[in-house]
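Sequence lines set the chain letters: A, B, ... in the order given, protein chains first and strands last, and positions in each chain run from 1.
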Amino acid sequence: KNQVEQSPQSLIILEGKNCTLQCNYTVSPFSNLRWYKQDTGRGPVSLTIMTFSENTKSNGRYTATLDADTKQSSLHITASQLSDSASYICVVSPRSGANNLFFGTGTRLTVIP
Amino acid sequence: SQTIHQWPATLVQPVGSPLSLECTVEGTSNPNLYWYRQAAGRGLQLLFYSVGIGQISSEVPQNLSASRPQDRQFILSSKKLLLSDSGFYLCAWGHRGVRYEQYFGPGTRLTVT
């Protein structure tokens with residue numbers, strides 16, 4: 001069964017600290033993996049996208065890593081800011097299939113001053 | 001640049017009433033269009049997708065229907081709402097042929113009372 005699991009479910013950190021969010025997936029065959037940021041009450045916005053041949057991708061203070069062998073990805077946020085408070089969603093696209101994407105349930109990150 | 005609009009932003013409807021949510025995309029042609037629902041604490045669930053005018057595919061059998069009367073317009077409807085229809089509805093678009101590239105709208109918060 002194709003699944004995407006994220007951990008932790010929620011996380012609270014102090015402003016300025018770093019954090020790492022995890023995504024494990026069983027989707028196979030695998031095409032690519034995206035991390036989205038979703039502010040409360042808003043639509044998700046793409047942060048990074050990685051294909052199976054890419055190990056890391058950065059977008060400012062966000063760095064995503066991918067290990068296609070172990071089917072794990074992480075999103076590392078450096079020097080967190082209050083505006084980083086949001087849900088972070090991992091989305092995996094299978095290589096075949098029409099329009100199915102597999103979504104994780106997200107990690108709710110709260111950055112406090 | 002491309003822009004995706006959804007309205008209304010929030011909606012409170014009684015059980016048994018009809019529903020119509022609208023999504024429009026600007027700045028692109030022949031997009032793939034998608035409707036998702038996000039229940040509290042749950043991942044995004046694909047409801048419908050469309051690869052062209054009048055072409056609708058349903059992913060989950062339910063109380064809802066979708067239509068695409070124009071190239072960049074996607075409508076989500078229901079004849080009689082159920083309590084379980086409450087949730088956050090997201091419209092997304094993607095380039096034709098690029099299945100995994102999806103850009104989300106701002107969403108509609110629907111509460112069925």
Here the gap from L66(A) atom CG to I49(A) atom CD1, rounded to the nearest 0.5 Å, amounts to 11.0 Å
Measure Q38(B) against the heavy atoms of chain A and call it side chain, backbone, both or neither at under 4.5 Å. side chain
Sort L90(B) into side chain, backbone, both or neither according to what part of it lies under 4.5 angstrom from a heavy atom of chain A. side chain
Where does Q38(A) contact chain B at under 4.5 Å (heavy atoms): side chain, backbone, both or neither? side chain
Determine whether the side chains of S77(B) and S65(B) contain a donor N or O and an acceptor N or O closer than 3.5 Å. no
Would you say the side-chain atoms of Q22(A) and Q72(A) include a donor-acceptor pair closer than 3.5 Å? no
Taking all non-hydrogen atoms of both residues into account, name the closest pair between R34(A) and Q102(B) and its distance. NH1-N, 4.4 Å
